[in-house]
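Reading through the structure tokens given below for one structure.
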Amino acid sequence: MMRQIVTNKTRNQELADIFHQMAGCYRYLGPEQRFRSTAYENASGTIQSLKNDISIYAANAKSLNRLNNIGSSIAEKIIEYLGTGKIAAFERLKREVPKGLLELMNISSFGPATVKLLHENFDISNKEDLILAIESGKLKDAKGLGEKKLENLMRGLKLYKTGQERVPLSTGLKAGTKLLETIQKINGIVKADLAGSLRRGKKTIGDIDMVICAQKQDWKRITNRIKEIGQIERILVSGDTKVSFLLKQNHIQVDIRLVQVDEYGAALLYFTGSKEHTLKLRLLAKEKGWKLNEYGLFDVKTGEKLAGKTEQGIYERFGMKYIPPELREGRDEIELANEHKLPDLVKSAL
DNA sequence: GAGAAC
DNA sequence: GTTCTC
């Protein structure tokens with residue numbers, strides 16, 4: 001629903017960043033290091049999804065080990081970083097892999113092979129070199145660099161420069177439905193839907209939101225499968241209940257949440273938004289002595305769950321007509337639904 | 001704790 | 001690199 005912006009860099013962020021860079025180094029160093037690279041990428045994601053400062057978990061290597069994707073080796077490096085502010089292995093890697101190349105691998109959607117090619121054949125070692133080379137047209141006939149790839153690269157650069165733009169609904173919808181189709185094939189997924197502004201059919205979207213419901217015991221396996229999807233450029237956050245990543249093709253950010261079966265409607269409602277709409281619903285709930293959150297609709301006094309499995313059920317419990325996502329803008333749709341005066345939506349084939 | 005899978 | 005398995 002919303003893009004996460006990291007303003008002040010926390011220690012977790014810094015560590016996650018280092019591990020992400022280390023992952024990049026290993027990726028650049030060759031296919032033999034492929035698993036090592038993803039291991040660091042996973043660790044980076046785990047740290048980013050941590051709710052508390054890393055030091056809380058870092059009393060000793062043992063407790064760090066309990067975190068997903070953090071084994072003995074990375075645990076040691078975390079402790080090293082907390083103590084000295086540096087990680088020797090990273091300092092070593094930095095000397096082997098030019099920093100500009102690392103940045104290129106992140107923004108360009110080119111793999112290490114192409115970046116290597118650019119570096120060795122065109123003496124391109126950073127973003128600026130690349131821009132100059134593109135503008136001079138000397139990359140035009142390079143082998144392994146088709147027109148299409150070049151185009152992708154330039155878009156990536158542009159996005160990087162302006163810092164993630166919103167994309168037209170049609171683009172988001174195309175990418176989103178394709179992603180949804182891929183993900184729905186994963187075993188154990190009971191139900192999955194797009195949420196956020198994509199589901200509300202806004203003219204432009206900032207990112208792709210998706211809610212998946214499945215048995216809790218399947219969550220980990222499902223998130224692992226999701227992370228293997230070929231359309232992923234890079235993983236941003238990887239926890240048990242949430243996965244975020246950038247799409248290769250267009251660098252759109254994707255946020256996926258896993259929820260329990262009986263929470264699905266509440267979660268879908270919550271992550272579909274708009275913020276204003278769900279806020280109004282929450283206030284309405286409060287008036288009735290209820291509480292609405294992403295887990296369900298509850299009676300505050302008794303704690304009894306009144307609804308949550310389906311969106312329909314929640315609106316029904318409020319005594320109003322189902323409000324289609326397209327109308328959930330926090331204007332007067334709730335009042336209208338209460339009076340059963342909602343306008344009929346003509347379903348448009350988008 | 002080695003070995004395979006990822 | 002981590003994790004699972006034997």
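Values in this document were obtained by computation on a predicted structure and should not be read as measured data. Chain letters run A, B, ... following the sequence lines, proteins first, then strands; residues in each count from 1.
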With 3.5 Å as the limit, what N/O pairs link the protein to nucleotides 3-6 of chain C?
unit_1 : atom_1 : unit_2 : atom_2 : d
C/dT3  : OP1    : A/N69  : N      : 2.7

Using whole Å, what does the distance between atom [atom2] of nucleotide [N] and atom [atom1] of [X] come to?
X      : N     : atom1 : atom2 : answer
A/E76  : C/dG1 : CD    : C1'   : 13 Å
A/N224 : C/dT2 : CG    : C1'   : 11 Å
A/I47  : C/dT2 : CD1   : P     : 11 Å
A/R34  : B/dA5 : CZ    : C1'   : 11 Å

- Yes or no on side-chain hydrogen bond (donor to acceptor under 3.5 Å, both in side chains) for A/N69 and A/T46, after CA distance, side-chain angles and deciding distance? CA-CA 7 Å; A/N69 303 320; A/T46 298; 3.0 Å; yes
- For A/F35 and B/dC6, is the gap between ring centres under 5.5 Å while the planes differ by less than 30°? yes
- What is the distance from atom CD of A/E294 to atom CG of A/L269, rounded to the nearest 0.5 Å? 11.0 Å
[X] with [Y]: basic N within carboxylate O range, under 4.0 Å:
X      : Y      : answer
A/D193 : A/K191 : yes
A/E311 : A/R328 : yes
A/E91  : A/K94  : yes

- Message: Going by the rule side-chain hydrogen bond (donor to acceptor under 3.5 Å, both in side chains), which residues pair with A/T182 if we only count those two or more places apart in sequence or in a different chain?
- Response: A/Q231
- Task: Report which part of the nucleic acid A/Q33 touches: base, sugar-phosphate, or nothing (heavy-atom distance under 4.0 Å, all strands).
- Result: nothing
